Amino acid sequence: MHFIYKKLKYDFQSIESKWEAYWKKNKTFQVFNDSKKPKYYVLDMFPYPSGAGLHVGHPLGYIASDIVARYKRHCGYNVLHPQGFDSFGLPAEQYAIQTGQHPAKTTKQNIQRYKEQLNRLGFSFDWSREVQTSSPDYYQWTQWIFLLLFEHYYDLKENKAKPIESLIRQFNTNGNQTIHAVCDEDTPLFSNQQWQSFSWKKQQQILLKYRLTYLSDTDVNWCPDLGTVLANDEVIDGVSERGGYPVFRKKMSQWSMRITAYAKRLLEDLDLIDWPDPVKEMQRNWIGQSQGVKIEFQLLNHKESIKVYTTRPDTIFGATFMTLAPELDIVKQITTAEYKQTVETYIEQSSQKRILDRLVNAKKISGTFTGSYVLHPLTNEKLPIWISDYVLAEYGTGAVMGVPAGDQRDHAFATHFELPIVAIFEGIDSSKEAFTQKEGFTYKNSGLLNGLSFKEGYARIIKHLVSDGIGKQETNYKIKDAVFARQRYWGEPIPIYHKEGIPVPINPKYLPLILPSVEKYLPTPQGAPPLGNANQWAWDTEQNRVVENHMIDLKKVFPLELNTMPGWAGSSWYFNRYTDANNSKEFASQKALAYWKEVDLYIGGVEHATGHLLYSRFWQKFLADLGLVPFQEYAKKLINQGMILGSSAFVYRQKDSQIYVSKNLLDPNKTYHPIRVEVDLVSSSDALNIEKLKEWQPQFKEGRFILEGGKYIVGREVEKMSKSKFNVVNPDQICVEYGADTLRMYEMFLGPIDQAKPWNTAGISGVHNFLKRFIRLFSQDGNWIVTERPASSLELKVLHQTIKKVTNDIERYSFNTCVSSFMIACNKLIELDCHSKDILKPLTILLSPFAPHLAEEMWEKLGNQQSIAYEPYPIHSEAYLKELTKAYPISFNGKKRFTKTIELNLSKDEIERLILSDNRLEKYLNGKSIKKIIVVPNKIVNIVI
RNA sequence: GCUCGGGUGGUGGAAUUGGUAGACACGUUGGACUUAAAAUCCAAUGACUAUUGCAGUCGUGCGGGUUCAAGUCCCGCCCCGAGUACCA
């Protein structure tokens with residue numbers, strides 16, 4: 001069949017701007033909370049509105065979620081598909097420091113630009129529910145949740161958060177000795193009389209040890225270059241995630257969130273949610289549960305004892321020394337006069353080490369003897385006490401028993417300092433290295449464990465230690481309480497004032513506590529956070545409002561907290577706010593929360609696995625404990641979209657010259673400097689536009705370019721897309737050249753949604769051509785030729801198969817194969833010369849989630865008045881497809897799968913029916929007869945003609 | 001080191017439960033249409049052998065195994081990516 005097609009105009013520019021305006025004007029995607037339809041909540045991780053605007057990688061997740069949202073609308077759901085901005089953050093603040101421009105102003109401009117870009121791509125967001133974390137309407141509720149956390153503690157009996165008043169009541173009646181609650185390690189025990197005798201200040205200090213958000217002297221990650229502390233997940237390889245500056249450990253008075261109280265539930269409830277395994281695994285590792293035993297070692301010549309935590313109590317007979325973390329307070333008490341000097345020097349040195357040094361020098365063994373000894377609890381032997389920074393103060397008890405035979409680090413330490421090594425595994429040589437496996441040995445030199453296997457010995461020793469009162473079984477977690485304060489300006493103010501050194505909450509009635517204006521966004525000369533520059537930053541407890549600093553009298557006017565909340569505060573609960581985003585009375589009404597329930601599909605980057613995705617689960621659990629939200633887990637299903645990488649372009653400059661050599665002419669014996677050049681200056685065949693290059697940067701003006709085949713070919717390298725690498729592809733430009741629909745489909749077509757992949761503009765023409773061909777189904781020579789004639793069975797088959805395939809693929813989030821299916825369908829229908837309305841109508845609905853602008857245009861041209869967005873989704877007839885597959889029934893005997901060759905003599909009619917039954921047979925049409933057919937149950941495998 | 005992913009044409013990637021591997025697209029080559037180019041359309045395109053044609057051999061990182069049948073399942077390696085890192 002030969003058709004000659006004239007060029008058909010696909011005027012995507014006017015189509016797309018027309019429908020963008022239409023959706024906005026008609027509020028097509030606004031949803032309400034009182035629908036009778038079933039609900040579906042599809043959420044994107046909201047963006048930080050950076051000054052650079054969107055690049056081509058950002059919308060990937062939004063396109064996927066928009067396809068699902070539109071698909072679910074067609075399926076008859078009331079779809080909540082909101083968007084907002086995580087608009088507090090460092091870049092706006094740094095810009096403010098440089099230019100003096102208020103972060104609120106730049107943030108507003110950036111948001112404006114982001115919205116324009118997002119709308120251009122045709123996302124069906126309900127903007128009436130937009131949230132901005134930096135808006136007081138929003139952050140008053142972030143502050144409100146902060147205060148709730150402050151006013152609650154974690155009860156281990158009921159396994160939930162409870163009001164602090166209930167704790168105070170118990171203190172008043174019984175003291176704290178019978179209380180089973182999460183608190184700081186150093187909380188003293190007291191009776192009810194003692195509690196009542198305490199001063200207000202003392203009582204408050206004790207309560208801080210229980211509150212779920214609290215102020216304490218903790219070791220923090222201090223980054224002097226950023227002038228702020230960082231959370232653990234913001235420190236990567238010992239340097240700051242942002243900027244890569246060195247980070248130090250430092251003791252500071254800091255706000256923290258008692259996320260450790262929820263460690264167990266955060267771990268266990270991972271089983272309830274359908275999240276990608278890597279994310280779950282990362283959270284599991286981050287929480288880091290381990291089962292072990294805390295064992296008490298009596299100090300020689302001291303009343304006190306030291307507890308160690310170990311997961312291998314069975315190796316206790318191999319313990320030949322004890323090592324403490326240098327930071328522990330007890331170190332100073334036990335150090336003998338003789339060793340005082342060396343110990344103090346060592347402590348000093350290790351505290352000044354950068355985190356990076358500690359990591360890099362991990363294998364470099366250091367430590368020093370304290371002069372003291374502990375007694376082995378089972379053998380009564382004298383074990384020397386050492387300190388070393390391989391022991392971490394914040395894990396376990398900060399003390400380990402040194403078992404060189406069973407632990408590699410202990411072995412290295414013992415070898416380095418010539419401490420004894422006791423072999424405890426029968427038949428295993430412990431002198432060279434430790435044996436860390438948990439099978440394949442029996443014990444020796446191990447008292448009551450001798451001759452037992454690991455399994456027997458492990459159980460035996462625990463039983464013994466516990467019954468003798470020496471040890472206690474314990475579950476330990478790696479996860480640490482999250483530092484919840486930044487020394488920055490552009491964040492939520494913490495609604496706390498300070499009285500006698502005690503933090504006191506502001507009554508939530510008087511929220512929001514509005515961020516004050518300052519003249520300088522830098523820390524004060526005294527080193528206080530930027531809020532220290534504010535003139536109006538004191539709390540009047542009688543008028544309950546912010547007043548000027550000079551009114552502070554420490555009687556009724558007190559200084560306000562100067563720290564602000566970290567970046568993850570606002571994002572830890574925003575998904576709840578969308579259900580009722582304009583509510584000024586509550587963070588969200590119970591009715592709205594009950595209607596929308598949890599997020600059905602959440603799409604965002606995997607980089608938030610141990611940050612936002614963990615903190616938000618924690619807050620959700622806390623809010624659920626208080627009965628404020630109806631679900632323990634807020635997102636049923638999570639998908640991580642992979643990053644779209646840039647393809648950087650390089651020119652090669654010969655060393656010490658102005659000669660640039662084309663990629664394939666490089667001489668392996670010479671040295672070249674690869675220099676990144678702007679990818680816009682390079683054609684899709686990697687040829688460089690030298691004229692434009694010379695205009696772009698003056699350093700190339702004098703360059704001599706050695707060409708191959710008349711062209712300069714650049715080198716390529718796949719890297720993260722970033723402005724500094726000159727490899728950013730701007731979606732606006734793609735929209736101008738190909739249109740938003742093409743961009744949407746192409747991003748989906750690139751590959752599986754969760755995979756990282758390099759951007760390649762060259763391939764986009766394939767998808768663009770598909771859309772042009774799609775229009776061709778409706779027209780010929782520019783004329784509309786949709787017909788009313790009923791569809792043929794072959795056409796119907798194409799349609800039903802496509803519906804089935806596309807629907808299945810959307811349901812399993814395989815969007816790339818969807819796009820392929822559309823192309824196949826389109827090609828087949830063109831070949832069949834199909835212009836039937838019966839086929840094109842459902843096909844247009846099917847395409848609408850992917851290419852919404854074009855679908856709307858075609859839908860209107862088909863004579864429909866309403867937007868296509870709420871058209872019922874076409875249903876494929878399983879019966880019809882089955883009917884077709886059964887067109888030529890083949891039966892078998894036996895259960896086992898087998899291959900069988902059948903000799904056939906089929907008539908033309910039979911062949912046609914056979915062809916209907918199986919796609920692959922189409923090419924055998926036109927009179928050829930089928931001789932043999934190889935079959936397995938329910939499937940034709942091979943045909944011999 | 002440990003944990004989790006993943007290795008399929010020149011390229012991006014298909015292949016729901018084991019059932020004609022390489023769909024779909026890019027790129028490349030040839031052709032049609034054009035004064036020409038672009039655009040569009042048609043054809044070929046895993047490798048090798050053979051050719052007038054039919055066809056044959058090898059092919060999913062490597063080596064084994066299970067099966068009538070393996071990209072897919074099992075065992076042992078190699079390589080790449082991500083996360084994590086003195087966690088006792």
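A quick note: this is a predicted structure, and the numbers were derived from the prediction, not measured. Naming: A, B, ... by sequence-line order, numbering from 1 per chain.
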[options]: which one has an atom nearest the side-chain heavy atoms of [X]?
X: A:Asn816; options: B:A23, B:G13, B:A88; value: B:G13
X: A:Asn769; options: B:A15, B:A25, B:U40; value: B:U40
X: A:Ser290; options: B:A88, B:C24, B:A14; value: B:A88
X: A:Leu392; options: B:C86, B:A14, B:C24; value: B:C86
X: A:Thr310; options: B:G27, B:A88, B:A15; value: B:A88

Length of the line joining [X]:[atom1] and [N]:[atom2], which is rounded to integer Å:
X: A:Asn285; N: B:A85; atom1: CG; atom2: P; result: 10 Å
X: A:Asp809; N: B:C24; atom1: CG; atom2: C1'; result: 12 Å
X: A:Gln291; N: B:A88; atom1: CD; atom2: P; result: 11 Å
X: A:Met745; N: B:C24; atom1: CE; atom2: P; result: 16 Å
X: A:Trp759; N: B:U11; atom1: CH2; atom2: C1'; result: 16 Å
X: A:Glu607; N: B:C4; atom1: CD; atom2: C1'; result: 17 Å
X: A:Ile764; N: B:C24; atom1: CD1; atom2: P; result: 21 Å

Original post:
Between A:Tyr309 and B:C87, is there a side-chain N or O to OP1/OP2 distance below 4.0 Å?
Top reply: no
Original post:
Just to confirm, is there a sub-4.0 Å distance from OP1 or OP2 of B:U40 to any side-chain nitrogen or oxygen of A:Arg773?
Top reply: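 Checking B:U40 against A:Arg773, no side-chain N or O comes under 4.0 Å of OP1 or OP2.
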Nearest-angstrom distance, [atom1] atom, [N] to [M]:
N: B:U28; M: B:A36; atom1: C1'; value: 23 Å
N: B:G59; M: B:C48; atom1: P; value: 15 Å
N: B:G30; M: B:A69; atom1: C1'; value: 39 Å

Original post:
So, A:Glu831 and A:Lys828, do they make that salt bridge, N to O below 4.0 Å?
Top reply: no
Original post:
Hey, are A:Asp741 and A:Lys772 close enough for a salt bridge, meaning a charged N less than 4.0 Å from a carboxylate O?
Top reply: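 Judged by the 4.0 Å cut-off on N to carboxylate O distance, A:Asp741 and A:Lys772 do not form a salt bridge.
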G-U wobble or Watson-Crick pairing nucleotide for [N] (cut-off 3.5 Å, both distances):
N: B:U16; value: none
N: B:A82; value: B:U3
N: B:U66; value: none

Subject >> B:G6 glycosidic torsion: syn (within 90° of 0) vs anti >> reply: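 Anti conformation for B:G6.
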Original post:
A:Leu847 and A:Met745: which non-hydrogen atoms are nearest, and at how many Å?
Top reply: CD1-CE, 3.8 Å
Original post:
So, A:Tyr738 versus A:Tyr746, ring centres under 6.0 angstrom or not?
Top reply: no
